[in-house]
Asks: 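Let me begin by handing over the structure; questions about it come next.
A quick note: this is a predicted structure, and the numbers were derived from the prediction, not measured.
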Amino acid sequence: MKLYIKPGACSLTPHIVLEEAGLPYTTKTVDLGTRRTADGTDYTTINPKGYVPALQLDSGEVLTELPAIVQYLADLAPEKKLAPANGTLERYRLQSWLSFIGTELHKSFSPFFNPAAGDDWKQAARANIERRLGYADSQLAGRAYLLGGDFSVADAYLFNVLSWAKYIGLDLAPWPNVAACLDRVAHRPAVQAALKAEGLL
């Protein structure tokens, strides 16, 4: 499999999951400004949406959208327990977390990386991030990870998105349960390996 990435972007999440799952893969870096891969290929011929991540399967088919990719990868290595079994209530709880992180946290960071975004938009986005962190913190009370005692693909996504907090000067100290979860995730060997591979360590 081939994972198309931009170092530090949300494609770090499936990169972590690939490492956690122990699956064979390669990565290819994409310049999102020019929509070209490192070897000069027009990335839109691989993913017409033009953003990362995209996962090219051994068959040549391409899977896009982070929640779909990470669940697909988790299901390839069920023994790693990176996602609850399909059809269980816990699987739907996982999907709920993936949706929440994607729509309420991930998208709220977008204005800070958009040169056209004004201060009002950024202030509203930051307020939303802080409100959503309050919810996440309450849900993590007494839990090691979002679903309880076991690390899941949702924790990888939360770690990835909240790694951007430092770029906007957001201190996570007011949300100690979130901070503790992120610290646990950061120390996982697979996470360290993915960060190192992307030049983030």
Asks: Is it true that Glu198 and His15 share a donor-acceptor pair across their side chains at a distance under 3.5 Å?
Replies: yes
Asks: Taking a hydrophobic cluster as the set of Ile, Leu, Val, Met, Phe, Trp and Tyr residues connected by side-chain heavy atoms closer than 4.5 Å, whether directly or through intermediates, do Leu63 and Val52 fall within one such cluster?
Replies: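 No, separate clusters.
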Asks: Just so I know, are the side chains of Leu195 and Leu12 near enough to count as touching, which here means a heavy-atom distance under 4.5 Å?
Replies: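 With C-beta onward as the side chain, the pair touches.
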Asks: Can you confirm whether Lys122 is buried at NZ, in the sense that more than 12 heavy atoms of other residues, nucleotides or ligands lie under 6.0 Å from that atom?
Replies: yes
Asks: Evaluate the side-chain proximity of Ile5 to Lys28: yes if any heavy-atom separation is below 4.5 Å, no if none is.
Replies: no
Asks: Going by atom types only, do Thr64 and Lys49 share a side-chain donor-acceptor pair under 3.5 Å?
Replies: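 Side chains of Thr64 and Lys49: pair found under 3.5 Å.
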Asks: Are Ile69 and Tyr72 packed together at the side-chain level, in the sense that at least one heavy-atom pair is separated by less than 4.5 angstrom?
Replies: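 Answer no - side chains too far apart.
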Asks: Within the supplied structure, the quantity of interest is the number of heavy atoms (other residues, nucleotides, ligands) at a distance under 6.0 Å from Glu61 CD; does it exceed 12?
Replies: no
Asks: Taking the six-membered ring for Trp, are Tyr135 and Trp97 parallel (under 30°), tilted (30 to 60°) or perpendicular (over 60°)?
Replies: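 Because their plane-to-plane angle lies in the 30° to 60° range, the rings of Tyr135 and Trp97 count as tilted.
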Asks: Quick check against the 3.5 Å criterion: does Asn47 have a side-chain atom that pairs as donor or acceptor with the backbone of Tyr51?
Replies: yes
Asks: Would you kindly confirm whether Leu73 and Ile46 end up in one hydrophobic cluster when ILVMFWY residues are joined by side chain heavy atoms under 4.5 Å apart?
Replies: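 No: no chain of side-chain contacts under 4.5 Å links Leu73 to Ile46.
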Asks: Check whether any side-chain heavy atom of Val185 lies under 4.5 Å from a side-chain heavy atom of Ile16, and answer yes or no.
Replies: no
Asks: I'd like to check Thr26 versus Met1 (side-chain heavy atoms, cut-off strictly below 4.5 Å). Are they in contact?
Replies: no
Asks: Quick one: does Arg36's side chain get under 4.5 Å of Val30's, heavy atoms only?
Replies: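 No, their side chains stay 4.5 Å or more apart.
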Asks: Flag the pair Arg188 and Glu20 as a salt bridge only when some basic side-chain nitrogen lies within less than 4.0 angstrom of an acidic carboxylate oxygen.
Replies: yes
Asks: Below 4.5 Å, heavy atoms only, C-beta onward: do Phe100 and Leu105 meet side chain to side chain?
Replies: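 Yes, close enough: below the 4.5 Å cut-off.
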Asks: Name the orientation class of the two ring planes belonging to Tyr167 and Phe113 (parallel below 30°, tilted from 30 to 60°, perpendicular beyond 60°).
Replies: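 Answer is perpendicular, since the angle exceeds 60°.
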Asks: Without swapping roles, check the side chain of Gln71 against the backbone of Pro67 for a donor-acceptor pair under 3.5 Å.
Replies: yes
Asks: Any chain of hydrophobic side-chain contacts (each under 4.5 Å) joining Leu200 to Phe159?
Replies: yes
Asks: Check whether any side-chain heavy atom of Leu18 lies under 4.5 Å from a side-chain heavy atom of Thr27, and answer yes or no.
Replies: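 Of all side-chain heavy-atom pairs linking Thr27 with Leu18, none is under 4.5 Å.
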Asks: Is the side chain of Lys166 donor-acceptor paired with the backbone N or O of Ser163 at a distance under 3.5 Å, no angle test?
Replies: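 Flag set: sc Lys166 to bb Ser163 pair under 3.5 Å.
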Asks: Kindly say whether Thr37 contributes a backbone atom to a donor-acceptor pair with the side chain of Thr41 at under 3.5 angstrom?
Replies: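 Absent.
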